[in-house]
Amino acid sequence: MAAKEEGRRRRRQEAARPAADSDEALMARVAADSHSAFETLVRRYEAPLVTFCYAFIRDRDAAEDLAQETFLRVFRNASRYRPVARFSTWLYRIAANLCINEVKKGRLRKTLSLDEAVGPDPDGTKIIERLAASGDAPLTEAERREASALLDRAIRHLPDDQRTTLVMVEYHGMPYQEIAEIMGVTVSAIKMRIKRARENLREALKILGAER
Amino acid sequence: MTGPLTCENVHDMLSAYNDGELSDEEMRAVGEHLSSCVACGAESTRIANLKRLMKYWEGIEPSPSFREKVVERTKREIEGRRIIRVSKAVLAVIAVILLAAGAFFLGRHLKQRAEAESAKDRPAATSPQPDRRPRSE
Ligand SMILES: [Zn+2]
């Protein structure tokens, strides 16, 4: 829960943060060997970063290892960081490179098909119906958990580039431009990926029984 | 953009429209189309619902030991750096001492040799003793 909130609130928080507390100011202190500044950055980014890696690797433990490696590189290369790019863009670019290499190694590549899914989920159907009927009325804690698990299963079946783009848009709340910078592709490529991701997500949810 | 948008155009733009990622002009044009086209309006609502549903995906909460592990590793690196810095300083001091000692002994050696050379150049009769012997006069 906290992870999700953290991800979503990021942009608003950034705007509200005093300049001395900005990521970039903290990085300048990390470069000058301040460990407490580094710990602040870790606290700020641990959940979004682990989730970011998970989007690539689809394995919780591997995602934590990659996130840890990313933080280590940030720490080691702090003196080389120049605030021409946002800190978060720099951070996620390091993570994306590590994750893509890991995926290429093929060690963690699991070919998932929807056949492996547990099958149609009648409760999932209820959640969608409830969401549609209730407008913005909040879900119960059990329904929330149900929805999250259902979405997780559906997301896991998307092709890599669509899954990662979807997570960056919906969970991290990143603008297309930043995603394009992180992934080293054009904004129109991101537009196409997110469009396809949603089409496929809808299909996956249909198969899982959550949408008709 | 020229001419009114077709349903096909709009369909392709709806995802970016719902993310607010079109240009101002495009946002306005798609909005206008949606207000008068039931089919595209329904499709846009489906995307909006999907976005709303995605908000329930909680992502991954790092395990409780995650931060601790990161902090521990970087603290160890700082310690390592400190040791390297101290060792470098110590090595530098040692190097300076060795250089100074080297210079001192070399200087002394050269001086002795120069004195020995000048002793050899003097007439042999006055100095019968061999070169190498320390001079005691
Ligand atoms: Zn239309």
Side-chain angles (χ1 to χ4, degrees), chain A residues 1-4 6-8 33 35 38-39 42-43 46-55 60-61 63-64 67-68 71-72 75-76 127-128 131-132 136 139 143-148 150-152 155 166-167 169-171 175-177 187 190-191 194-195 197-199 201-202 205 210-211, chain B residues 1 7-24 26-27 30 40-86 88:
Chain A
M1 203 56 239
K4 186 188 82 177
E6 179 66 6
R8 295 258 148 67
D33 261 3
H35 202 267
F38 179 69
E39 286 185 47
V42 173
R43 209 169 304 125
E46 59 181 348
L49 182 61
V50 170
T51 301
F52 181 90
C53 295
Y54 177 78
R60 178 183 263 279
D61 291 339
E64 284 203 7
Q68 201 183 120
F71 275 132
L72 222 68
F75 182 77
R76 283 181 194 148
I127 287 163
I128 306 288
L131 274 174
D136 282 325
L139 298 182
E143 284 172 323
R144 274 174 179 281
R145 241 175 290 130
E146 187 76 43
S148 183
L150 176 78
L151 284 163
D152 199 70
I155 291 168
L166 182 75
V167 168
V169 170
E170 300 289 19
Y171 174 90
Y176 290 4
Q177 177 63 46
V187 170
I190 296 302
K191 262 185 201 171
I194 187 70
K195 177 178 179 287
R198 287 185 174 129
E199 288 163 2
L201 178 66
R202 206 191 284 171
L205 287 170
E211 209 202 50
Chain B
M1 224 178 332
C7 286
E8 206 190 341
N9 296 148
V10 171
H11 196 95
D12 284 342
M13 296 160 91
L14 279 179
S15 210
Y17 174 79
N18 275 276
D19 289 331
E21 288 274 2
L22 297 174
S23 68
D24 293 348
E26 287 170 329
M27 290 297 286
V30 171
C40 289
E43 176 62 13
S44 187
T45 303
R46 272 194 286 273
I47 291 171
N49 282 342
L50 202 59
K51 274 184 75 69
R52 203 145 55 95
L53 182 64
M54 268 302 291
K55 289 211 191 325
Y56 290 97
W57 185 61
E58 290 172 1
I60 297 294
E61 188 74 61
S63 56
S65 61
F66 177 80
R67 195 185 313 156
E68 213 174 285
K69 274 190 244 164
V70 173
V71 165
E72 203 181 288
R73 279 181 76 177
T74 47
K75 276 200 171 144
R76 235 183 294 143
E77 289 218 358
I78 285 192
E79 200 42 50
R81 277 184 210 171
R82 198 165 294 142
I83 289 169
I84 289 172
R85 224 180 293 141
V86 169
K88 272 186 186 164

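The model shown is predicted, which means the values in this text are computed figures rather than measured ones. Lettering follows sequence order; numbering is per chain, from 1. Keep in mind that the numbers below use all heavy atoms, side chains included, and drop hydrogens, waters and symmetry copies.
If you measure heavy-atom distances from A/Ala67 to chain B, the contacts under 4.5 Å come from both the backbone and the side chain. Looking at A/Arg60, only its side chain comes within 4.5 Å of chain B, counting heavy atoms on both sides. The contact between A/Tyr54 and chain B is made entirely by side chain atoms (from C-beta outward), counting heavy-atom distances below 4.5 Å. When heavy atoms are compared at a cutoff of 4.5 Å, A/Phe52 does not approach chain B at all. In this structure, chain A has no heavy atom under 4.5 Å from any part of B/Thr45. The contact between B/Ile47 and chain A is made by backbone and side chain atoms together, counting heavy-atom distances below 4.5 Å. Neither the backbone nor the side chain of B/Asn18 comes within less than 4.5 Å of any heavy atom in chain A. When heavy atoms are compared at a cutoff of 4.5 Å, A/Leu201 approaches chain B solely by way of its side chain, counted from C-beta outward.
For the atom pair A/Arg202 CZ and B/Arg46 CZ, the distance stands at 5.5 Å (nearest 0.5 Å). Note that CD of B/Glu77 is 11.0 Å distant from CG of A/Asp33, once rounded to the nearest 0.5 Å. Rounding to the nearest 0.5 angstrom, the gap separating the CG atom in A/Leu72 from the CZ atom in B/Arg76 is 9.5 Å. Note that OG of A/Ser148 and CE of B/Met54 are 9.0 Å apart. Values are rounded to the nearest 0.5 Å. Remark: A/Glu170 CD to B/Lys51 NZ distance equals 3.5 Å, nearest 0.5 Å. Atom CD in B/Glu79 sits 11.0 Å away from atom NE2 in A/His35 (nearest 0.5 Å).
Residues A/Thr51 and B/Ile60 share a closest heavy-atom pair of OG1-N, 2.9 Å. The minimum heavy-atom distance between B/Trp57 and A/Asp152, with the atom names listed, is NE1-OD1, 2.9 Å.
Screening B/Thr74, B/Val71, B/Val70 for a side chain to side chain contact (heavy atoms under 4.5 Å, CB included) involving A/Phe71 leaves a single residue, B/Val70.
In this structure, B/Tyr56 and A/Leu150 have side chains that are not in contact, with every pair of non-hydrogen atoms separated by 4.5 Å or more. In this structure the side chain of B/Leu53 reaches within 4.5 angstrom of the side chain of A/Leu205, judged on heavy atoms.
Contact check on A/Glu46 versus B/Lys69 returns no salt bridge, with no Lys/Arg side-chain nitrogen under 4.0 Å from an Asp/Glu carboxylate oxygen. Salt-bridge check for A/Lys191 with B/Glu21: failed, with every basic side-chain N at 4.0 Å or more from each acidic carboxylate O.
Ranked by heavy-atom pairs under 4.5 Å with chain B, the list A/Asp61, A/Leu166, A/Ile155 is led by A/Ile155.
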B/Lys75 and A/Glu39: side-chain contact (heavy atoms from CB on, under 4.5 Å), yes or no, with the steps? CA-CA 10 Å; B/Lys75 276 200 171 144; A/Glu39 286 185 47; 3.8 Å; yes
